[in-house]
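Scroll down for the structure; my scribbles are underneath it.
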Amino acid sequence: MTETTALPAVSREWHLIRRPQGWPVAEDFALREVPVAAPAEPGRILVRNLHMSVDPYMRGRMNDVKSYIPPFQLDRPMDGGAVGEVVASTAEGFAVGDHVLHGLGWREYAEFDAQHATKVDGAIAPLSAYLGVLGMPGLTAYAGLFETASFKEGDAVFVSGAAGAVGSLVGQFARIKGASRVIGSAGSAEKVDLLTGKYGFDAAFNYKDGPVAKQLREAAPEGIDVYFDNVGGDHLEAAIGALNVHGRATLCGAIAHYNDTEPAPGPRNLMMAIGKRLRLEGLMVSDHYGNKDFVKDVAGWLGSGELTYDETVVEGIENGVDAFLGLLRGENTGKMIVSFTG
Ligand code: NDP
């Protein structure tokens, strides 16, 4: 039986219409209208999206290259994390009014097999938090620090992209778990103040103010034990220089290079990894879905007030591409969210 509410005739969705060369531009995308229909087959739901995620990894999906996740197809809707409200259902266990987390963002309405939806509770946390601190970026920070980097109490930790969704949590998780020193880098004076103020980092610097290696040496005179890399490039090279013997680096992202048209050269000082017995390890958050401790720990730290987070919210699906481009330019503090609630 279909349970449903009144539906609009059309939904808007963002299509990739041309593969960006270097920095994406507005002409690479189109906002198109498609009909909305309640599910016709059993086991399906129609969801009105309330918040969608824009994430740096989406830039890679705009290229036609083989990767860990398939590229976006041209003239098809893009996809990504979203939270919405069920407005029609033929699926057992999903009622109109339920809130779900799913993977069909970049559109106002999504109709799909309910097996691909996870129910979320807006009474436990704001719904957008399931796209950030309690969602994929939160798990990335948690698994990347505690598993990939084998963080232990007393480690000195440096994180780049430190005022972003992942980085702001990495630094706070390290502080909460007893890091001897937490250092962050970010791209503005306001972000640096946020790191050493609200987030409780011990030191922070603006990577645009001067060479990263020099600023890191000043911020971490005794070196670092863990580097959480969101940026790549000169940040990774500086961190290799600053890592102590048996240091570990989580290679999480390389946003400095996502719009490069040629592959960037690797760190010139990689040879230091030999003498210092460094471990540089890649992280895929998808390897950690189902982590048993993540939600329990993070919800506990939020509840106790030890952990805080920020969101930058852009209103309206029509501003979705601008929000994505703004994310690449550093216009976000914490998680960049596009909301359709206005
Ligand atoms: P953020 O919220 O950190 O947003 C991206 C930030 O990158 C911007 O706010 C900007 O901040 C910074 N940035 C942009 N260009 C540069 C540059 N050239 N040099 C230094 N910083 C730059 O995004 P997320 O927290 O969602 O993601 C952080 C990283 O983690 C990304 O690299 C992403 O791809 C990666 N990631 C990897 C996952 C995995 O499984 N491996 C999963 C999730 C994320 P600023 O103002 O400081 O420049």
Side-chain angles (χ1 to χ4, degrees), residues 22-24 52-63 67-69 80-81 105 128 131-133 135-145 147-149 158-173 183-195 199 201 204-209 211-212 215-216 227-239 249-260 264 280-289 291 294 309-314 323-338:
W23 276 85
M52 77 171 205
S53 183
V54 287
D55 298 279
Y57 78 88
M58 292 170 174
R59 176 63 189 86
R61 296 191 67 195
M62 292 170 190
N63 299 333
S67 182
Y68 59 92
I69 183 165
S128 55
L131 299 173
V133 63
M136 185 277 281
L139 179 59
T140 303
Y142 188 93
L145 182 66
E147 295 194 30
T148 315
F158 171 47
V159 55
S160 54
V166 173
S168 61
L169 299 176
V170 169
Q172 292 186 80
F173 293 166
I183 303 122
S185 67
S188 72
E190 294 73 27
K191 289 184 179 181
V192 166
D193 287 346
L194 187 73
L195 297 180
Y199 299 153
F201 286 42
F205 60 87
N206 178 351
Y207 66 87
K208 295 173 183 167
D209 280 351
V212 178
Q215 296 200 75
L216 179 57
Y227 172 50
F228 195 107
D229 189 19
N230 288 315
V231 167
D234 54 354
H235 272 87
L236 179 56
E237 190 169 296
T250 294
L251 306 184
C252 173
I255 196 164
H257 298 298
Y258 290 174
N259 290 309
D260 286 358
L280 314 180
E281 187 171 324
L283 160 74
M284 284 308 309
V285 63
S286 50
D287 292 345
H288 300 275
Y289 290 150
N291 180 300
F294 160 62
Y309 67 96
D310 282 286
E311 292 176 345
T312 300
V313 180
V314 171
F324 173 70
L325 298 177
L327 171 82
L328 297 182
R329 286 193 293 260
E331 287 168 13
N332 61 306
T333 297
K335 179 76 190 103
M336 186 67 114
I337 299 276
V338 182

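Because only heavy atoms are used, hydrogens play no part in the values below, and waters and symmetry mates are left out as well, while side chains stay in. Count residues from 1 along the sequence. Indexing begins at 1, ligand by ligand and atom by atom, following the structure's order.
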Exercise for the section: Mind checking salt bridge (Lys or Arg N to Asp or Glu O under 4.0 Å) for E190 and listing every partner two or more places apart, or none if nothing turns up? Expected result: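 With neighbours one apart ignored, the set is empty.
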Exercise for the section: Please determine, by modelled atom types, if T148 and E281 share a side-chain donor-acceptor pair under 3.5 angstrom. Expected result: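 T148 vs E281: no donor-acceptor pair found between side chains.
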Handout entry: Modelled atom types, side-chain donor and acceptor of D260 and H257, under 3.5 Å
Key =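 Yes.
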Practice task
Identify, chain by chain and in numerical order, each protein residue with a heavy atom under 4.0 Å from an atom of ligand 1.
Solution key: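 Close residues (ligand 1, cut-off 4.0 Å): P56, M136, T140, G164, A165, V166, A186, G187, K191, Y207, N230, V231, C252, G253, A254, I255, A256, Y258, L283, M284, V285, L327, L328, G330, N332, G334.
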Practice task
List for me each residue that meets ring pair (Phe, Tyr, Trp, His ring centres under 6.0 Å) alongside F205, sequence neighbours excluded, and say none if there are none.
Solution key: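 With sequence neighbours excluded, F205 shows a ring pair (Phe, Tyr, Trp, His ring centres under 6.0 Å) to F158, given in chain and number order.
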Handout entry: All pairs passing salt bridge (charged side-chain N to carboxylate O under 4.0 Å, His left out) where residues 323-337 contributes a residue, at least two apart
Key =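 Listed once each, the pairs are D55-K335, R329-E331.
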Problem - From CZ (F228) to CG (L169), nearest 0.5 Å - result: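 Rounded to the nearest 0.5 Å, the CZ-CG separation comes out at 9.5 Å.
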